[in-house]
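Working notes for the structure below.
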Amino acid sequence: MLIQDENLTDRSPFLKLRRWQWWLLVAINILFLIAGQAAAVLLGRFYYDQGGNSTWMATFVQTAGFPILCIPLIFLHPSQKLETSTSSTYPSIKIVALLYFVLGLLVAGDNMLYSVGLLYLSASTYSLICATQLAFNAVFSYLLNSQKLTALILNSVVILSLSAALIAVNEDSDGPSGVSKGKYLVGFICTLGASALYSLLLSLMQLSFQKVLRKETYNVVLEMQIYTSLVATCVSTAGMFGSGEWKGLQDEMNGFKSGRVSYVLTLVWTAVSWQVCAVGVVGLIFAVSSLFSNVISTLSLAITPLAALLVFHDEMNGVKVIAMLLALCGFCSYIYQNYLDDTKARKSESQSHTDDVIQESHHV
């Protein structure tokens with residue numbers, strides 16, 4: 001789990017860190033991801049509960065804070081920026097621009113599906129359904145990234161799918177007040193579709209690094225996050241004006257239950273929270289792997305229902321408890337498989353190092 005692709009490890013500046021420094025860095029990024037994602041989901045639910053109803057605005061704030069990511073891009077690893085721009089293997093600007101544009105469109109569509117899902121679902125139900133992204137990730141990684149489907153991973157897929165099915169058929173599944181069963185079903189389908197699309201995006205990004213960009217330095221990963229967010233933000237802005245929702249934003253602000261200032265702060269901190277989460281995602285992708293980043297993201301989604309229980313007093317019936325426990329079991333199954341892979345990789349690396357030492361001694 002903690003071993004990156006061997007073609008990428010030599011480029012990682014984190015290998016120069018001491019072991020405790022590396023673990024501290026990983027722990028900080030995990031905290032950013034979990035705290036940022038949980039806060040963003042809760043603030044998104046708060047926005048709807050207080051009278052917000054613009055799905056395009058909820059989509060917009062998920063990527064609008066992307067300029068924050070320019071700070072580490074400017075101040076960290078300037079030498080890598082030069083290496084990236086001058087590399088003979090780096091694709092043309094047109095290809096990179098097209099790649100970022102397509103991925104940005106997918107990000108915008110994914111964010112819209114998440115916004116609609118959160119509109120019709122409680123924060124806890126929404127988070128439990130989102131946990132299925134790990135199962136989708138296993139499928140897309142197998143199809144696009146040649147990842148093996150072991151018994152443990154298949155077990156994880158089945159358990160997480162069962163967890164989502166329990167939420168879907170649960171007659172007592174709670175939604176926000178005034179949400180009909182039909183709208184609840186729409187929210188469930190949109191959230192499930194968003195989880196699938198998010199996992200597809202991760203696999204496509206990994207494929208892009210391997211086949212198109214052919215490099216995974218800190219700057220390249222960060223630039224992909226920034227430019228795809230820029231495209232997604234532009235699409236969300238166009239959608240807001242094209243749908244006419246922008247005309248109702250003034251009335252929405254005036255009618256916000258907790259006041260106009262609270263309305264602005266909710267949107268601002270939602271945008272900031274998503275970017276804090278993005279910093280954690282990028283940091284874990286670069287320091288560990290994209291798979292590990294997705295696993296931690298799923299763990300955060302399993303924790304969020306507990307936060308929703310405290311903040312919004314969401315109903316936690318027996319079926320939802322079982323669904324959450326199943327999601328955690330699926331997560332543990334996935335983690336254990338990666339632990340086995342990590343152990344095997346370490347043994348292989350150790351054996352390779354021993355063989356190299358023996359060969360050098362023979363040469364001497």
Side-chain angles (χ1 to χ4, degrees), residues 1-15 63 66 69 73 77 79-111 133-150 153 157 194-232 235 278 281-297 334 337-338 341-342 344-345 348-349:
M1 179 172 59
L2 303 181
I3 300 294
Q4 299 184 50
D5 185 274
E6 59 184 15
N7 293 327
L8 303 176
T9 46
D10 292 339
R11 298 172 185 166
S12 176
F14 296 138
L15 292 178
T63 53
F66 72 88
L69 298 179
L73 184 65
H77 314 302
S79 61
Q80 288 192 359
K81 189 179 298 183
L82 180 62
E83 176 191 352
T84 299
S85 60
T86 59
S87 173
S88 59
T89 61
Y90 201 69
S92 66
I93 295 179
K94 290 182 179 179
I95 294 176
V96 174
L98 179 61
L99 174 66
Y100 289 162
F101 179 74
V102 172
L103 291 177
L105 289 178
L106 292 177
V107 169
D110 188 47
N111 290 345
Q133 70 189 38
L134 199 57
F136 287 117
N137 181 249
V139 175
F140 288 124
S141 294
Y142 171 75
L143 296 175
L144 299 177
N145 308 126
S146 302
Q147 178 179 310
K148 295 181 180 179
L149 286 180
T150 65
I153 292 213
V157 170
S195 299
L197 184 54
Y198 177 76
S199 298
L200 176 61
L201 269 167
L202 287 181
S203 294
L204 289 176
M205 286 180 178
Q206 184 177 341
L207 193 65
S208 300
F209 286 127
Q210 295 170 347
K211 304 296 184 181
V212 181
L213 302 177
R214 298 174 184 270
K215 186 174 292 187
E216 194 172 350
T217 63
Y218 185 87
N219 286 88
V220 173
V221 174
L222 203 55
E223 284 171 1
M224 175 178 280
Q225 185 76 23
I226 290 172
Y227 291 126
T228 54
S229 295
L230 172 61
V231 172
V235 171
V281 168
V282 171
L284 289 178
I285 287 175
F286 192 59
V288 189
S289 70
S290 58
L291 176 61
F292 183 76
S293 178
N294 193 26
V295 168
I296 297 301
S297 177
Y334 213 102
Q337 178 60 59
N338 282 274
D341 292 341
D342 176 53
K344 182 178 179 180
S348 177
E349 183 180 6

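Quick note: residue numbers are just sequence positions, from 1.
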| task | Any chance you could measure L103, atom CG, to L98, atom CG, to the nearest 0.5 Å? | result | 9.5 Å
| message | Could you measure the distance from the CG atom of N137 to the OH atom of Y142? Nearest 0.5 Å is fine. | response | 15.0 Å
| query | For S203, what residues pass the side chain to side chain donor-acceptor pair (under 3.5 Å) criterion, not counting sequence neighbours? | reply | N145
| Exam field: side chain S229 to backbone T63, donor-acceptor pair closer than 3.5 Å | no
| Do L213 and L99 have side chains that get closer than 4.5 Å, going by heavy atoms? | yes
| Side chains of D110 and V107 in contact at under 4.5 Å (non-hydrogen atoms) | no
| task | Answer whether the closest heavy-atom distance between the side chains of F66 and L230 falls below 4.5 Å. | result | yes
| task | Output, in order, the C-alpha distance, side-chain angles, deciding distance and verdict of side-chain contact (heavy atoms from CB on, under 4.5 Å) for T228 and V231. | result | CA-CA 5 Å; T228 54; V231 172; 5.7 Å; no
| task | Please round to the nearest 0.5 Å and tell me the distance separating atom CG of L106 and atom CG of N111. | result | 11.0 Å
| task | State the OG-CG distance between S199 and L204, to the nearest 0.5 angstrom. | result | 11.0 Å
